[in-house]
Amino acid sequence: MLRHEFEPGRLVAGLFMGLAGFVYAGDAGGLWDTPWFAIIPIVVGGLCLAGATATVAGIRKGAAGRGDSRRHRMLTGHIATGGAPGEAGTARAADADEAGRG
């Protein structure tokens, strides 16, 4: 059972940030000499690639008909009852009471 939905954009961003950390760790350890500006293409390129990956994944997910995710249903309150968030039948019970009195 999955604990969360797979997000490929975050995976790509994490890999590139890890690569940037690895480059600086190698520089700090004395294995190689990294100029200060060398990290910019790694970070910016990784973020752009992560954004493109997330966009493509979102388009493919919507095209597959799985756009109504569990998280979306939880945020909007349409889980089992189909009601709005915070609606526990109080408004409907009040309307029924008013209809019965008049």
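Quick caveat: nothing in here was measured; it's all calculated off a predicted structure.
Residue Leu11 is found in a hydrophobic cluster whose other members, listed by chain and number, are Phe6, Leu15; membership requires side-chain heavy atoms under 4.5 Å apart, directly or through intermediates.
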When the side chains of residues 27-34 are checked against the rest of the protein, which donor-acceptor pairs come out under 3.5 Å, sequence neighbours left out?
from	atom 1	to	atom 2	distance (Å)
Asp27	OD1	Thr34	N	3.3
Trp32	NE1	Val23	O	3.2
Trp32	NE1	Thr34	OG1	3.2

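Evaluation of the side-chain hydrogen bond (donor to acceptor under 3.5 Å, both in side chains) test over residues 7-16, restricted to residues two or more places apart or in two chains, returns Glu7-Arg10. Residues in residues 35-59 take part in no side-chain hydrogen bond (donor to acceptor under 3.5 Å, both in side chains) pair, two or more places apart or across chains.
Checked against side-chain contact (heavy atoms from CB on, under 4.5 Å), Pro35 has the following partners two or more places apart in sequence or in another chain: Phe37, Ala38. The side-chain contact (heavy atoms from CB on, under 4.5 Å) search around Val43 returns Met17, Ala20, Ile39, Leu47, not counting sequence neighbours. With sequence neighbours left out, Ala57 forms a side-chain contact (heavy atoms from CB on, under 4.5 Å) with Pro8. Residues satisfying the side-chain contact (heavy atoms from CB on, under 4.5 Å) criterion with Ala13, sequence neighbours excluded, are Ala50.
Linking ILVMFWY residues whenever their side-chain heavy atoms come closer than 4.5 Å, directly or via other members, leaves Val56 and Phe16 in distinct clusters.
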